[in-house]
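Input: a single structure, listed below in structure tokens.
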Protein chains: 2
Amino acid sequence: MTRLREREWRLSPQRRVVAEVLVGEHVHLTAEQVHDLARDRLPEISRATVYNTLNELVALGEVGVVDIVDGAKRYDPNTAEAHDHLVCETCHTIRDVPRAGTRPTVPKRVRDGFLVTGVDVVYRGVCPDCARRHRAGRKR
Amino acid sequence: MTRLREREWRLSPQRRVVAEVLVGEHVHLTAEQVHDLARDRLPEISRATVYNTLNELVALGEVGVVDIVDGAKRYDPNTAEAHDHLVCETCHTIRDVPRAGTRPTVPKRVRDGFLVTGVDVVYRGVCPDCARRHRAGRKR
DNA sequence: TTTACTGCAAACCGTTTGCAGTTCC
DNA sequence: GGAACTGCAAACGGTTTGCAGTAAA
């Protein structure tokens, strides 16, 4: 992540911190979460700079945007391998799902001149934690 | 659409108009578009009422929400048969895609206690009109 | 008559933008 | 030194909400 950028980018403390916050597996932070985490390391960083930096990282292809739940975009540093998402309808956490087997396709009759360039698959459900909490709730 | 509702709902001119606007095939209107069309028939109808009514129709299961492009939710009256969506990245129009063949599933290892209740598939690409316009643009 | 719905306007949330000041190269 | 970046605050687009008034049953 760091390497590539040094060739394209003016490196500022703010940008470094935003990039660092996004390192990891199964990371799908909202802009606000990124801002909070970034402020832990660099208290003066502004919301505008976080948004600007996130948009630049997206434009550079360094992070992806996941916009499948509750209004707020999530930023996903895993652009290396294509993957789908499994989202909990209750707590809105997201789990990455590696792609396996055949991908769904649009039947020829329906496609009809439409150039299809990609497919997004989103699985929805209830995560183990929320399922447990829900069971506990009923019992009480 | 009308029938079911009469058992659940207080029927007002505003609500009737919103419901009527949403009748049809391949209908994926934004709230604002619904408001505009509704005003053609009932000029005094307010934005708030349109939003309230749309939310009620969604809660009743009479219409679905499609939230896959450019910030604004689309309202989809086709809840009878499950279908996927094909969206043009350029003009943001949406085409319904009937489901055929097998649906993608989450590998057991990844699922791991997560209860999966649904899968959304979104195909992205360029519609014939936009592709044509794009070609014309290059030629010029 | 009563309860539920409407319209208005203000509030809201996530995000973007204009601008003056600052920093990186 | 100059272009590029930052922070602030205001503006934005889509959506929701509080409230006083109105209308469906």
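Chain A is the first sequence line, chain B the second, and so forth, proteins listed ahead of strands; every chain is numbered from 1. Only a predicted model underlies this, so the values are computations on that prediction, with no experimental measurement involved.
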Task: Nucleotide dC5(C), atom P - distance to CD of Glu44(B) in whole Å - done: 19 Å
- [ ] Round to a whole Å and report the spacing from NE2 of His92(A) to P of dC13(C).
- [x] 16 Å
Open item on the list: Does Arg47(A), at its CZ atom, have more than 12 non-hydrogen atoms belonging to other residues, nucleotides or ligands within less than 6.0 Å?
Closed with: no
Task: Validation row: Asp76(B), Arg74(B) side chains within 4.5 angstrom (heavy atoms) - done: no
Task: Spacing between Arg15(B) atom CZ and dA4(C) atom C1', to the nearest angstrom - done: 8 Å
Open item on the list: According to salt bridge (Lys or Arg N to Asp or Glu O under 4.0 Å), who are the partners of Asp67(A), at least two apart in sequence or on a separate chain?
Closed with: none
Task: Interatomic distance, Ile94(A) atom CD1 to Cys127(A) atom SG [nearest 0.5 angstrom] - done: 12.0 Å
Open item on the list: By the salt bridge (Lys or Arg N to Asp or Glu O under 4.0 Å) test, which pairs, at least two apart or in different chains, include something from residues 21-35 of chain A?
Closed with: none
Task: Contact list for residues 74-100 of chain A, test ring-ring contact (aromatic ring centres under 6.0 Å, His included), sequence neighbours left out - done: His28(A)-His85(A), His83(A)-His85(A)
Task: Spacing of Asn52(B) atom CG relative to dA4(C) atom C1', expressed in whole Å - done: 12 Å
- [ ] Taking the side chain as every heavy atom from C-beta outward, state whether Thr90(A) and His134(A) have any atom pair closer than 4.5 Å.
- [x] no
Open item on the list: Just the rounded figure in Å: distance from P of dT6(C) to CG of Leu42(B).
Closed with: 10 Å
TODO: Compare side-chain N and O positions of Thr49(A) against OP1 and OP2 of dG7(D) and report whether any pair is under 4.0 Å apart.
DONE: yes
Task: Atom-to-atom span, CG of Asp67(B) to P of dG14(C) - whole angstrom - done: 14 Å
TODO: To the nearest Å, give me how far apart CD (Glu56(B)) and P (dT17(D)) are.
DONE: 12 Å
Open item on the list: Suppose we screen for salt bridge (Lys or Arg N to Asp or Glu O under 4.0 Å). Which residues come up paired with Asp36(B), at least two apart in sequence or across chains?
Closed with: Arg39(B)
N/O-N/O pairs, protein side and nucleotides 13-15 of chain D side, under 3.5 Å:
from    : atom 1 : to       : atom 2 : distance (Å)
dT15(D) : OP1    : Lys73(B) : N      : 3.1
dT15(D) : OP2    : Tyr51(B) : OH     : 2.8

- [ ] Nearest 0.5 Å please: distance from the SG atom of Cys130(A) over to the CD atom of Glu89(A).
- [x] 10.5 Å
Check nucleotides 22-25 of chain C for protein N or O atoms closer than 3.5 Å to its own N or O atoms and list the pairs.
from    : atom 1 : to       : atom 2 : distance (Å)
dC24(C) : O2     : Arg10(A) : NH2    : 2.6

